[in-house]
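A short write-up of the structure that comes next.
Because the structure is a prediction, the values reported are computed rather than measured. Residues: numbered from 1 along the sequence shown.
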Amino acid sequence: MTGDPLPFFPREPAEPAPGAVHLPDWLDTAEQRELVEACRAWARPPAGMHTVRMPTGGLMSVRTVSLGWHWYPYGYARTVVDGDGEPVKPFPPELGELARRALTAAYGPDGLAEIAGAAGYEPDIGVVNHYPHGAKMGLHKDRDERIDAPVVSLSLGDSCIFRLGNTETRTRPWTDVELRSGDLFVFGGPARFAYHGVVRTLPGTADPALGLVGRLNITVRQSGLD
């Protein structure tokens, strides 16, 4: 079964909420391929991609690998405390440069000062999630960091329906956005601690040239940790 992109979603730069910016097709095909290959390297053991078990005992439907700091529910560590126990892979400087470029593209050089943590952005965390067909992610906040600097999100492979909610509850109001391979989504400022998640992926929508089954999402964050 394959999914079809939703044609009624605009493919133009958009600000679905104050501080949240969607830039379609921000990464070109060569950049996407380079990131897919990097993700394959990051996913290899030790400290490789694994399935996260929540405190309730349930397993997430995505598989995850962290860079710089290892994310686990609900905190960060320097080792894969819920996996093989190995030291987390280092945060790649080139990923930090890409994230800083993303913020400038999203907010503009003159707008960085208006978004908390954007002007002096020093990311030190990368979290890569692989969504196999049928995977999704419930509405949640990225609030394990100790700083309110923006989150940079890059999409690769299959398209998905991304839901950006409000900062108070997991209920409406929310906005659904179709994210395709190469899209950039940034949330900072008033949207930094908004609930968000992936309602569903659209299998079969990836460019076959990527050699990727499913969807990869790379999020880049600044931890505020020592």
- Item | Candidate pair Arg101 and Glu94, rule salt bridge (charged side-chain N to carboxylate O under 4.0 Å, His left out), full reasoning | CA-CA 11 Å; Arg101 182 160 62 90; Glu94 60 272 20; over 6 Å; no
So do the side chains of [X] and [Y] get within less than 4.5 Å of each other, counting heavy atoms only?
X: Leu98; Y: Leu35; answer: yes
X: Glu145; Y: Gln222; answer: no
X: Ile161; Y: Val198; answer: no
X: Pro55; Y: Tyr72; answer: no
X: Val151; Y: Val220; answer: no
X: Trp42; Y: Leu67; answer: yes
X: Val21; Y: Tyr107; answer: yes
X: Met137; Y: Ser61; answer: no

Same apolar cluster: [X] and [Y], side chain cutoff 4.5 Å:
X: Val128; Y: Val80; answer: no
X: Trp26; Y: Val186; answer: yes
X: Leu210; Y: Leu154; answer: yes
X: Leu225; Y: Val88; answer: no
X: Val52; Y: Val62; answer: yes

- Message: Salt bridge or not between Asp176 and Arg163? Use side-chain N to carboxylate O under 4.0 Å.
- Response: yes
- Query: Is it true that Arg11 and Glu178 make a salt bridge, defined as a side-chain N closer than 4.0 Å to a carboxylate O?
  - Reply: no
Quick check: closest heavy atoms across [X] and [Y], and the distance to 0.1 Å?
X: Gly224; Y: Ile147; answer: N-CG2, 3.8 Å
X: Pro13; Y: Leu23; answer: CB-CD2, 3.7 Å
X: Ala20; Y: Pro16; answer: O-CD, 3.4 Å
X: Pro123; Y: Gly96; answer: CG-CA, 3.8 Å
X: Asp82; Y: Pro73; answer: OD2-CD, 4.3 Å
X: Ala47; Y: Val65; answer: O-CG2, 3.5 Å

Keeping [X] on the side-chain end and [Y] on the backbone end, is there a donor-acceptor pair under 3.5 Å?
X: Ser181; Y: Gly157; answer: yes
X: Asp124; Y: Ser223; answer: yes
X: Glu15; Y: Gly19; answer: yes
X: His50; Y: Thr64; answer: yes
X: Arg215; Y: Ala206; answer: no
X: His22; Y: Asp183; answer: no
X: Asn166; Y: Pro173; answer: yes
X: Arg170; Y: Leu139; answer: yes
X: Lys89; Y: Ser66; answer: no
X: Ser159; Y: Leu202; answer: no

May I ask you to check whether [X] and [Y] show a side-chain donor-acceptor distance below 3.5 Å?
X: Ser153; Y: Asn217; result: yes
X: Thr201; Y: Asp158; result: no
X: Tyr76; Y: Arg221; result: yes
X: Trp71; Y: Asp144; result: yes

- Message: Does Ser155 form a side chain to side chain donor-acceptor pair (under 3.5 Å) with Arg180? I'd like the steps, not just the answer.
- Response: CA-CA 6 Å; Ser155 294; Arg180 299 182 187 175; over 6 Å; no
If you count the non-hydrogen atoms of other residues, nucleotides and ligands that lie under 6.0 Å from [atom1] in [X], is the total more than 12?
X: Glu31; atom1: CD; value: yes
X: Glu86; atom1: CD; value: yes
X: Arg146; atom1: CZ; value: no

- Tyr195 and His140: CA distance, side-chain angles, deciding distance, ring pair (Phe, Tyr, Trp, His ring centres under 6.0 Å) verdict: CA-CA 5 Å; Tyr195 284 99; His140 65 283; 8.4 Å; no
